[in-house]
Each structure stands twice: as C-alpha cells, then as structure tokens.
Amino acid sequence: MSVQAETDLDLDRARQFVEVAKLRRNVRSFEPGRRIAPEGLQLICEAGRWGPSGANSQPWEFVVVDDPEHLAPVAKLFAEQADRLNRYCKGFPHVHKKHWVHEASAIILLFADPRWSEAYPKALEPADDGDYVDNRTNIFLVSVGAAAQNMHLAAAALGLSTAWLSGGGEPTTAAALRGLLGVPEPLVPYATIPIGWPHRRSEDRWRRPLEDVVHSNRLDVSRVRSAADIEQYVRKERADSIYRDATTRERLVGGGAAGGGVGGGGPLGGGGQDDTGGQP
C-alpha cells in the first residue's frame, strides 16, 4: 500500500467506531421505569435497515414494543421460555433469570421470512444444488444477524444497553410471539433485542487477543483452537467466560481454577450482566 493510500484512511472515525463496538454489552440489568425517546428507537431501526442482506432481500420486519402494557406480556413470554431452558438445558445460570426483561424500556423483535432464501443462488438442476442449498440458509441467517448487530451498535452509541437474545426463534416461543403480536406464519423472530438504560457500568469482557484471531494471507494452523480446546472451554471455562469480568476470568481460567464449570455460576460479580447468556 502506498503512503498516499494510507493517509486516505479515516482512522479517527474508524477508531471511534471501534470504541462504540467495545461499548456493546449484553446487559441484563436495566433502570426500571425509564423510557426511551421515540427518536432513539427510530435511529436504532434505521441502523438495522441499513444492514447488508443477501440479494438485497432485506428479509426483516422490526416490531418495536415500548408501551408498558404491551411490554409486560412479551416479557412474560421470555420469562416462560427461560424457565423451559433452565429445565431442559443446564449450564447457563443467568439465563433462567430472564424476569429482568420486564425492566426493559423497549423490546425490538426482528421477524424474518425464511422463504426469502429462495432469492439466493440456486442451481438450475436439483442434482447440482448440493453446494447451494445449505448456503442459502446461511445467507439468510447472516443477513438477519447483520441487521441485529447494526441495531445493537446504534443502541450502544446512544448510551443504551441491549441484550442479544435468539431464544425467540424456538418454535414454542416463536408461535406465542406471533400470536401475541399479530405476526403471520412463516415469519420467525430470529432475534430479540431488549433495550434499556444500564443499571450500572458495563464490565470489561474477555476477548481473544487480536494477534490470536488475525491471520495474514494464510491461516496459521498452530493458532487455531483444537477439539480438545473446545471441549475444555465447554466443560470448564464457559461459565467464567460468560459470566465473569475479564480480570476475574483471567485469574480463574488462566490460573487453572475454572470457577463455574458446566453447571456453575449463580449470582456472580457483575450484577446480572453477561456477554452471551448462553445465546449469541
């Protein structure tokens, strides 16, 4: 790259954007009773509207729920979904406490119609479609995720906190949400974004070092985590990586004393905040 090309980069704006990205947290502790101005919610949706999508299909519909009378039944559905998850899928101690959703100032649900995947590359002959059939689903889901990420970042830029929930896409919860919000099939709420004013400052969250995840021109296999690494994470490190702040996680995991384990956790430091809560 030439010196001139390097100076053309707007590094200041890029650094500002990265700082916004670092502000984004899954925060599960909002200030109850505090509303969000409609202009803010519209800006969040506008950011989502500009998300990239396969074939420019824009397969999403954003349902913004911010009236307290409508928020309560939506939050109740997610509390019921969390109770089911806690019953059948152990190992995510904060997830079952989804009654915090009742404190959200607004909830935005991203509904999308999977039939839009037909807009993506499809072989002329069924026998030749093997390379494309699964990838159409991938394109569709990545498109919805891109819109959701834009919305989370816009909320962070506004000084708000969000949580990334995908549990609404489970068939039982999806059917209940469709009935409650008047949404027809086959639309599915693939992403749900509770939004509110953070109850406390978001903690630092663990991220793999940049030098571990960036590969120059060719993958460095020695830095790719192995099956054993993945098993170690799932069995012993997951809870600390989800529910602990970065410093505590490093002390517990780096010191070889993983504190959470598969079923570990509970009311850990961070006041109910976590970075994934068992979901993306």
Side-chain angles (χ1 to χ4, degrees), residues 21 24-28 30 44-45 47-48 51-54 58-65 71 74-102 104 106-114 116-117 134 136-156 160-181 183 185-196 205 233-234 238-239 241-243 265 272-280:
R24 188 215 61 82
R25 292 283 189 282
N26 275 9
V27 174
R28 288 154 166 77
F30 301 123
I44 292 170
C45 291
S53 61
Q58 305 171 52
W60 44 67
E61 308 292 335
F62 307 146
V63 179
V64 182
V65 183
L71 274 169
V74 173
K76 182 175 182 291
L77 285 180
F78 276 97
E80 292 169 350
Q81 179 266 339
D83 289 339
R84 287 193 300 275
L85 184 64
N86 187 54
R87 187 180 311 125
Y88 300 120
C89 303
K90 299 297 182 182
F92 300 98
H94 279 258
V95 172
H96 73 280
K97 300 175 182 178
K98 209 169 280 185
H99 299 276
W100 56 265
V101 176
H102 288 281
I107 299 175
I108 300 180
L109 299 102
L110 279 69
F111 284 86
D113 189 332
W116 279 107
S117 62
D134 289 338
R136 287 195 290 277
T137 298
N138 295 339
I139 294 170
F140 172 74
L141 293 175
V142 167
S143 299
V144 175
Q149 179 72 351
N150 275 12
M151 298 171 85
H152 282 276
L153 293 174
L160 299 168
S161 290
T162 57
W164 188 297
L165 302 182
S166 56
E170 297 169 2
T172 300
T173 307
L177 287 168
R178 279 194 295 264
L180 185 63
L181 299 173
V183 178
E185 291 190 86
L187 275 72
V188 175
Y190 287 100
T192 304
I193 309 176
I195 307 172
R205 285 294 160 189
Y233 182 88
V234 172
R238 179 177 64 183
S241 301
I242 295 174
Y243 301 116
Q273 301 179 28
D274 66 80
D275 201 57
T276 62
Q279 302 181 59

Considering all heavy atoms of both residues, which atom of [X] and which atom of [Y] are nearest to each other, and what is their separation?
X: Gly168; Y: Thr192; result: CA-OG1, 4.4 Å
X: Leu109; Y: Pro189; result: CD2-CB, 4.5 Å
X: Val144; Y: Ala112; result: CG2-CB, 3.8 Å
X: Gly169; Y: Val188; result: CA-CG1, 4.0 Å
X: Ile108; Y: Cys45; result: CD1-SG, 4.1 Å

Atom pairs and distances, side-chain donor-acceptor, residues 147-155, under 3.5 Å, sequence neighbours left out:
unit_1, atom_1, unit_2, atom_2, d
Asn150, ND2, Ala47, O, 3.0
His152, ND1, Thr162, OG1, 2.7

Check whether any side-chain heavy atom of [X] lies under 4.5 Å from a side-chain heavy atom of [Y], and answer yes or no.
X: Glu61; Y: Val183; value: no
X: Val74; Y: Leu181; value: yes
X: Phe30; Y: Pro194; value: yes
X: Asp113; Y: Pro59; value: no

Taking atom [atom1] of [X] and atom [atom2] of [Y], what is their separation to the nearest 0.5 Å?
X: Trp60; Y: Trp116; atom1: CH2; atom2: CH2; answer: 11.0 Å
X: Leu77; Y: Leu180; atom1: CG; atom2: CG; answer: 5.5 Å
X: Asp83; Y: Phe78; atom1: CG; atom2: CZ; answer: 13.5 Å
X: Leu110; Y: Leu165; atom1: CG; atom2: CG; answer: 11.5 Å

* To do: Kindly say whether Leu187 contributes a backbone atom to a donor-acceptor pair with the side chain of Arg178 at under 3.5 angstrom?
  => yes

* Backbone N/O of Gln58 and side chain of Ser53: donor-acceptor pair under 3.5 Å -> yes

* Asked: Taking only residues two or more places apart in sequence, or in another chain, which ones meet Phe140 in a ring-ring contact (aromatic ring centres under 6.0 Å, His included)?
  -> Tyr190

* Asked: Which residues pass the salt bridge (charged side-chain N to carboxylate O under 4.0 Å, His left out) test with Glu80, sequence neighbours left out?
  ->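 Partners of Glu80 by the salt bridge (charged side-chain N to carboxylate O under 4.0 Å, His left out) criterion, ordered by chain and then number, come out as Lys76.
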
* To do: Starting from the C-alpha separation in whole Å, work towards a yes-or-no answer on side-chain contact (heavy atoms from CB on, under 4.5 Å) for Leu160 and Ile44.
  => CA-CA 10 Å; Leu160 299 168; Ile44 292 170; 4.2 Å; yes

